[in-house]
Amino acid sequence: MITKFITSVSTTFSPFNARSGKTARSFLALLPPNARQNMKIDVKMLPRAAPSTSSNSAKPEPAAMLLLGFKDGKQMSLDLEKLKTKDVQEEVDRHSRLLGRQEELTGN
Amino acid sequence: MPPRLRLRPEHLRTRIPQQRPSHQQCRYASLATATTPAPPIEQTIHSSPLIARYPPTQPPSYKPPEFRKSQLHRQYASLLRSSPLMLLFQHNNLRSVEWVGIRRELAAALRKVDESLAADGRPDYFGDGVKLQIIQKGIFPSALKVVEFYHPEQQPQAPVHHPTDPATATSATIPDTLAASDDTRLTHGLSRTAHEVAEANRRNKKLKHGLEPLLSGPLVLVTFPTVSPRHLKAVFEILAPNKEFPAPKRKANPGYHEPAVQSGLQKLMMLGARVEGKVFDMEGARWVGSIEGGLDGLRAQLVAMLQGVGAGITNTLESAGKSLYFTMEGRRSILEDEQKAQAGEAPKEG
């Protein structure tokens, strides 16, 4: 996974949720060891029980979200309940490859 | 030079076996029907235990024991059985420098807890027993399944053969005691029966131990030899600081705020805990850590609560009688006052 162009990562997930917990954790494990110096990483862990929407809200917010910020300012928000690790990687790579090509063209 | 071995020539001559005459052969033939002595009574009542042909500390294992994974399996099984409290963290690409720093800080904090416990006079200082261990993500779940679900002592014992039992005919096959790895009588953690229990649970997925969703990815385990909230608190303050468990300040502990240690700690994520076989999430683990005074404190609280409950019941039962008494007393005093007032008025009038 190309992580060179990511500037910020923000996740909310519950590790006990079988699908989204694994996806979020494997994404965080894919970040390189020096990542913390180049990007801002924010991890919020939810308790085991899914937050039940007791108040009548129109749209229950998804329990597992991944928010990525890229170098060109794009904010990508991924729903971890629906996507698998590979899909998340594909999305990130697609945008990163775009940015990579732009950088090459501008000669940085 | 004289020969090294002193041999005498007559010893080198081979001896030709003497041919016995035929009548002596007949005598030997009759001796062949001599009876063997009767077996001791113990042998006729109980069958003798079969001798195992492997050392008791190294029973044959189902998978090859020389692989590292078999030895890790044993290690993890013993770790799971001997640590009633363990915390599970995920480690994301920590470097060795960061690990060294974190282990150093952890050891220093636990030593401080031990010193304070020793100063209080309590004997349970075992900060050395707390271990931080990276675990292999394929072998640990298997060891956990064996520890949780395989209980050979609860299964019925195989029937011991009785010599006069018709089933124990001499032509019946008694399993031999050579070191066969798939012998079903073996009951240790690496035996075939244990492996079958773990396999069955993997396929059926009926029995769950609650830690399954956590057991993926790079994991590290912090194990405690007993459930001690004070040590747990120290570990939380270092590894997973929170408002409840504040990290040590820069002046108090400058080594903690080194860049290596800090960057390493950012990459550690706490996932959950397993306390005495039950699975807790982060909040539950923090609750366990916030219990004041350790297990003894909990017990004292329980005792006080039970005593309080007893006193409360007594008070409630007495209160009916008490309120009746007070009511009557009040009534009596009112009547007395009225009488006094009447008596006071009568002489006035009269």
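Note on naming: letters A, B, ... go to the chains in the order of the sequence lines (proteins, then strands), and numbering restarts at 1 for each one.
Minimum heavy-atom separation, B:Phe280 to A:Phe16: O-CZ, 3.9 Å. Listed here is the closest heavy atom pair of A:Pro47 and B:Glu283: CB-CG, 3.7 Å. The minimum heavy-atom distance linking B:Arg95 with A:Pro33 is given by the pair CG-CB, 4.2 Å. Between B:Asn93 and A:Leu30, the closest heavy-atom pair is ND2-C, 4.5 Å. Pairing each heavy atom of B:Ser216 with each of A:Lys22, the nearest pair is OG-CG, 3.3 Å.
Contacts of A:Phe27 with chain B are absent, with no heavy-atom separation under 4.5 Å from either backbone or side chain. With a threshold of 4.5 angstrom between heavy atoms, B:Leu88 does not approach chain A through any atom at all.
When side chains are defined from C-beta on, A:Met45 counts as touching B:Leu271, because their heavy atoms get closer than 4.5 Å. A 4.5 Å side-chain heavy-atom check between B:Gln266 and A:Ile41 finds every atom pair outside the cut-off. Within the 4.5 Å cutoff, no side-chain heavy atoms of A:Pro15 are placed close to those of B:Met282.
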